[in-house]
Amino acid sequence: MGSAFKKFCMQFCCCCCAHDEDDEDEKQPLVPQDPLEYFNREVQKRRDEETNLWSEPGDPSHSERDDDRVLYSLLQARTKTRMGSTGYRRLSVDIEAMRDTRREVRDKWKTIMENLGFMAEADSLLTVSAGASHDRMRNAPAARALLHTLHTETSIFSSREPPPERYLFILDRLLYLDIAEDFLAKAMRFYPPREDSDEEVPGLAINLPLLLARVESMNGGGDDEEEADESGREDGNMSDRS
């Protein structure tokens with residue numbers, strides 16, 4: 001396991017050698033004009049990827065999938081909303097709900113990885129950078145088939161929505177390490193499919209159309225809503241004083 005994993009990291013794992021970003025690096029100057037700014041930007045990008053766990057990590061616009069588009073829209077709307085306001089707090093709740101859903105899925109994968117003996121390597125195997133490319137996958141068809149099986153025959157994704165593409169790259173790594181079938185067997189054992197009559201697990205159901213409508217509503221009248229909330233509080237305070 002150790003030698004195979006090290007060989008895999010040397011060739012593919014972005015967190016070890018950033019192979020996915022080689023093409024971009026060739027186009028960049030060897031010494032950035034502002035190394036500190038470049039370093040800070042890269043750190044922030046990695047932190048953003050790990051915090052939001054984008055379903056389409058290779059989509060810089062975050063618009064190809066509905067769930068990514070909703071999360072990105074919420075984040076953008078929050079940057080334009082006054083911190084501490086009612087609208088800001090509502091957006092923060094929605095953002096954290098989506099992030100929690102994604103973290104719970106990732107934690108399920110990590111649990112199985114560790115159960116298979118990859119205690120130290122689990123985080124690295126589950127890291128997918130923005131430079132991930134389908135062209136560099138070794139066995140995309142088999143990974144796609146496994147992703148479909150996990151989605152339809154287990155509850156590891158906790159949602160009937162299409163599974164996140166980021167896990168396609170992870171499955172390609174597991175195929176290379178020859179543990180994909182073992183992972184599937186553990187997933188079917190630990191997270192069996194729920195019956196159609198079963199209710200969704202609380203906190204995991206995200207109403208994407210509702211969230212998008214809320215963002216659009218706030219973009220169009222967020223300031224009016226905040227002013228109305230503030231005027232309402234002021235009226236209440238005046239009533240109390242009188």
A.B. asks: Please examine the side chains of Arg166 and Pro57, heavy atoms only from C-beta on, and report whether any two atoms are closer than 4.5 Å.
C.D. replies: yes
A.B. asks: Would you say the side-chain atoms of Arg138 pair up with the backbone N or O of Tyr176, donor to acceptor, closer than 3.5 Å?
C.D. replies: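 A pair under 3.5 Å: no.
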A.B. asks: Report the distance from atom CG of Leu75 to atom NZ of Lys80, rounding to the nearest 0.5 Å.
C.D. replies: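 The CG atom of Leu75 sits 12.0 Å away from the NZ atom of Lys80.
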A.B. asks: Side-chain heavy atoms nearer than 4.5 Å, only ILVMFWY residues, links allowed to pass through others: does that put Leu53 and Met98 together?
C.D. replies: no
A.B. asks: Answer whether the closest heavy-atom distance between the side chains of Arg103 and Glu96 falls below 4.5 Å.
C.D. replies: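 Yes, close enough: below the 4.5 Å cut-off.
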A.B. asks: Could you state the interatomic distance from CG (Leu184) to CE (Met188), rounded to the nearest 0.5 Å?
C.D. replies: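 Between atom CG of Leu184 and atom CE of Met188 there are 5.5 Å.
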A.B. asks: Tell me if a side-chain donor or acceptor on Asp172 pairs with a main-chain N or O of Asn139 at a distance below 3.5 Å.
C.D. replies: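 Here the side-chain-to-backbone pair exists.
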A.B. asks: Which heavy-atom pair separates Ser61 from Asp59 by the least distance, and what is that distance?
C.D. replies: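 Where Ser61 meets Asp59 most closely, the heavy atoms are OG-OD1, 2.7 Å.
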A.B. asks: Shortest non-hydrogen contact from Arg106 to Thr127?
C.D. replies: NH2-OG1, 4.4 Å
A.B. asks: Could you tell me which non-hydrogen atom of Ala143 sits nearest to which non-hydrogen atom of Met137, and how far apart they are?
C.D. replies: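 Heavy atoms only, the tightest pair is CB-CE, 4.0 Å.
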A.B. asks: Does some side-chain heavy atom of Trp109 sit less than 4.5 Å from a side-chain heavy atom of Leu150?
C.D. replies: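 Yes. Closest side-chain heavy atoms under 4.5 Å.
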A.B. asks: Would you mind reporting whether Thr86 and Arg90 have side-chain heavy atoms less than 4.5 Å apart?
C.D. replies: yes
A.B. asks: Tell me whether Asn52 contacts the main-chain N or O of Trp54 through its side chain, where contact means a donor paired with an acceptor under 3.5 Å.
C.D. replies: no
A.B. asks: When rounded to the nearest 0.5 angstrom, what is the spacing between CD in Glu153 and CG in Leu146?
C.D. replies: 10.5 Å
A.B. asks: Report yes if some heavy atom in the side chain of Phe190 is under 4.5 Å from a heavy atom in the side chain of Thr154; otherwise report no.
C.D. replies: no
A.B. asks: Search all heavy atoms of Ser55 against all heavy atoms of Asp67 and return the closest pair with its distance.
C.D. replies: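 That would be OG-OD2, 2.8 Å.
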A.B. asks: Are any non-hydrogen side-chain atoms of Lys186 and Glu181 less than 4.5 angstrom apart?
C.D. replies: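 No, side chains not in contact.
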A.B. asks: I'd like to know if Arg69 and Glu56 make a salt bridge, using a cut-off of under 4.0 Å between side-chain N and carboxylate O.
C.D. replies: no
A.B. asks: Within this structure, what is the CG-CD distance for the pair Leu116 and Glu121, rounded to the nearest 0.5 Å?
C.D. replies: 11.0 Å
A.B. asks: Taking only residues two or more places apart in sequence, or in another chain, which ones meet Ser92 in a side chain to side chain contact (heavy atoms under 4.5 Å, CB included)?
C.D. replies: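 Partners of Ser92 by the side chain to side chain contact (heavy atoms under 4.5 Å, CB included) criterion, ordered by chain and then number, come out as Arg78, Tyr88.
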A.B. asks: Could you check whether atom NE2 of His148 has more than 12 heavy atoms from other residues, nucleotides or ligands sitting under 6.0 Å from it?
C.D. replies: no
A.B. asks: Quick one: OG on Ser73 to CG on Leu91, what's the gap to the nearest 0.5 Å?
C.D. replies: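 It comes to 10.5 Å.
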A.B. asks: Within the 4.5 Å heavy-atom criterion, are Arg99 and Glu104 side-chain neighbours or not?
C.D. replies: no
A.B. asks: Identify the heavy atoms of Pro164 and Leu147 that sit nearest to each other, and give their distance.
C.D. replies: O-CD2, 4.2 Å
A.B. asks: Holding to side chain to side chain contact (heavy atoms under 4.5 Å, CB included), I want the full list of residues that pass it with Tyr191, two or more places apart in sequence or in another chain.
C.D. replies: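 With sequence neighbours excluded, Tyr191 shows a side chain to side chain contact (heavy atoms under 4.5 Å, CB included) to Lys108, Thr111, Ile112, Ser155, Ile156, given in chain and number order.
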A.B. asks: Please report the interatomic distance CG(Leu71) to CD(Gln76), rounded to the nearest 0.5 Å.
C.D. replies: 10.5 Å
A.B. asks: Give the minimum heavy-atom separation between Met119 and Glu114, together with the two atoms involved.
C.D. replies: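 Closest approach of Met119 to Glu114: SD-O, 3.3 Å.
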A.B. asks: Run the side chain to side chain contact (heavy atoms under 4.5 Å, CB included) test on Phe169 and His134 for me, step by step, so that the C-alpha distance in whole Å, both residues' side-chain angles and the decisive distance to 0.1 Å come before the verdict.
C.D. replies: CA-CA 8 Å; Phe169 299 102; His134 291 84; 3.8 Å; yes
A.B. asks: I'd like to check Met113 versus Leu174 (side-chain heavy atoms, cut-off strictly below 4.5 Å). Are they in contact?
C.D. replies: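 In contact.
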A.B. asks: Looking only at atom types and distance, does a side-chain atom of Thr101 sit under 3.5 Å from a main-chain N or O of Ala97, one as donor and one as acceptor?
C.D. replies: yes
A.B. asks: Are any of the side-chain nitrogens in Asp107 or Arg102 under 4.0 Å away from the carboxylate oxygens of its partner?
C.D. replies: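 A salt bridge is absent here (no side-chain N lies under 4.0 Å from a carboxylate O).
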A.B. asks: Would Asp123 and Lys110 count as a salt bridge (Lys or Arg N to Asp or Glu O under 4.0 Å) if you check the C-alpha gap in whole Å, the side-chain angles of each, and the deciding distance to 0.1 Å?
C.D. replies: CA-CA 7 Å; Asp123 287 329; Lys110 185 175 181 179; 3.1 Å; yes
